Amino acid sequence: MGKILVTGGTGFIGSHTCVSLINAGYEIVVMDNLCNSKVESLARVSLITGKNPRFYKTDLNDYKEMCQIFEDHKIDAVIHFAGLKAVGESVKLPLTYYHNNISGTINLLKVMEKYGCHKFIFSSSATVYGENNPVPYTEDMPTSATNPYGYTKVMIEQILKDVCTSNSDWKVISLRYFNPIGAHESGLMGENPNGIPNNLVPYIAQVALGKLDKLHVFGNDYDTPDGTGVRDYIHVMDLAEGHVAALKYANSVNGFEAINLGTGKGSSVLDVVKAYEKACGKKIPLEIVARRPGDIAESYADATKASEVLNWKATYSLEKMCTDSWNFTKQNPKGL
Ligand code: NAD
Ligand code: UFG
């Protein structure tokens, strides 16, 4: 069996997936340009698994260096996490986002085609369901976006469909993640954003650490049970296991398939605050402020397809996600 190339493998979801892949017996090769992560996360992967995956510090857009990876290793499949992911930043830097995410993916697909590697698992997002679909989201709903980041996911999915039409050797799974949070339970790996976090749980973690004063809750006048935004939070290790299941399933895929990875259950901002307070044993001070532009009231998955075709289901509770996030945060107060 060939190896699995993990792009973006030093990032948050990629590094956790490396652990699951190694534990499932796969041999992996990791590439990342380290623009949003540190190579230390691979040292943590090694500490947890006892294996030292080969690492390439390379940019997706570097055709020659990407080819070199395929020259050095027989790659059986690619799991493609590498990409920029900050919604607000994408509005300010659209060309950077389109170049990095879309051109980078096209370059990777060209290299794969050259080396006859056609198994591809892509990190898509629930953001492709846009603003107008009713929850829970099913994979057959129309996709759309409201910002350049979201458009990169919508467009890459279209490119992948077209590539599959052009050559029936391709086996492509687009995994649409809902809201990944939590950390490996060892506390050795977790989410490590630069600067002030944009996302809810990393922000709460910094408040719990005492680095930030209070959480700003973006609106409590949504049409939801307590008025705050509802999301489908999923433990990053559940998500990691979803990739192992997808890799197995990819062998029987013909062409393009989209699959949601979520729990199917929505939690409000206040539910998350309560669970985090329980996990860290502290009060999280908060203030209700205006809605954040671009936010929707509710987003959660219909998780039926993943359980049917991947034989995979999320297993961890919101409490466990918060406990593991806090465990990582307090063991690594300055990040990795
Ligand atoms: P992350 O930033 O921790 O990981 C992405 C990695 O890609 C980083 O290590 C970064 O250095 C690397 N990278 C970016 N551009 C690159 C390039 N041109 N060449 C090489 N490496 C490059 O983010 P994450 O949360 O682990 O997300 C992984 C993937 O999942 C992304 O594609 C993201 O859009 C998608 N996703 C994330 C979420 C989420 O909430 N975290 C939700 C849905 C989808
Ligand atoms: N929220 C706050 N205060 C904060 C941060 C967030 O109240 O400081 C609220 C938001 O309004 C939202 C919820 O917490 O109701 C979750 O917000 P996040 O920023 O954590 O996550 P989003 O659902 O907005 O977005 C995430 C990723 C996107 C991805 C999307 C769908 O950041 O990249 O999930 O997968 F597109």
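Treat the numbers as computed from the prediction; the structure is a model and nothing was measured. Both ligands and their constituent atoms are indexed starting at 1 by order of listing.
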* Distance-only donor-acceptor check, side chains Glu157 and Ser124, under 3.5 Å -> yes
* Asked: Distance only, no hydrogens: is a donor on one side chain within 3.5 Å (strictly under) of an acceptor on the other, for Tyr137 and Arg176?
  -> no
Is ligand 1 under 4.0 Å from a heavy atom in the side chain of [X], in the backbone, in both, or in neither?
X      : answer
Ala126 : neither
Leu34  : backbone
Asn199 : neither

Below a 4.0 angstrom heavy-atom separation, can you tell me which part of [X], side chain or backbone, both or neither, approaches ligand 2?
X      : answer
Leu200 : both
Tyr222 : neither
Asn198 : backbone

* Are Tyr129 and ligand 2 in contact, using a heavy-atom cut-off of under 4.0 Å? -> no
* To do: Assess Tyr149 for proximity to ligand 2: is some non-hydrogen atom of it under 4.0 Å away?
  => yes
* Asked: Any idea which protein heavy atom is nearest atom 18 (P) of ligand 2, and the distance to it?
  -> Asn199 ND2, 3.5 Å
* For atom 26 (C) of ligand 2, what's the nearest protein heavy atom and its distance? -> Asn179 ND2, 3.7 Å
Backbone N/O of [Y] and side chain of [X]: donor-acceptor pair under 3.5 Å:
X      : Y      : value
Asp59  : Asn33  : no
Asn199 : Val201 : no
Asn260 : Asp302 : yes
His73  : Ile75  : no

* To do: Could you establish whether Lys153 and ligand 1 come within less than 4.0 Å of each other, counting only heavy atoms on the residue side?
  => yes
* Start with the C-alpha gap between Glu89 and Tyr149, add the side-chain angles, then the distance that decides, and say whether side chain to side chain donor-acceptor pair (under 3.5 Å) holds. => CA-CA 9 Å; Glu89 186 182 61; Tyr149 167 73; over 6 Å; no
* Asked: Looking at Tyr26, Phe122, Tyr177, which hits ring pair (Phe, Tyr, Trp, His ring centres under 6.0 Å) with His243?
  -> Tyr177
* Under the ring-ring contact (aromatic ring centres under 6.0 Å, His included) test, residues paired with Trp312 that sit two or more places apart -> none
* Report the member of Arg231, Lys85, Arg292 with the shortest heavy-atom distance to atom 17 (O) of ligand 2. => Arg292
* If you measure every N/O of Tyr203 against every N/O of ligand 2, is any gap under 3.5 Å? -> no
* Do any N/O atoms on Val201 end up under 3.5 angstrom from N/O atoms on ligand 2? -> no
* Where ligand 1 meets Tyr149 - atom numbers and elements under 4.0 angstrom, heavy-atom basis -> 33 (C), 34 (O), 35 (C), 36 (N), 44 (C)
* Asked: If you measure from CD1 on Ile196 to CD on Gln206, what distance do you get to the nearest 0.5 Å?
  -> 9.0 Å
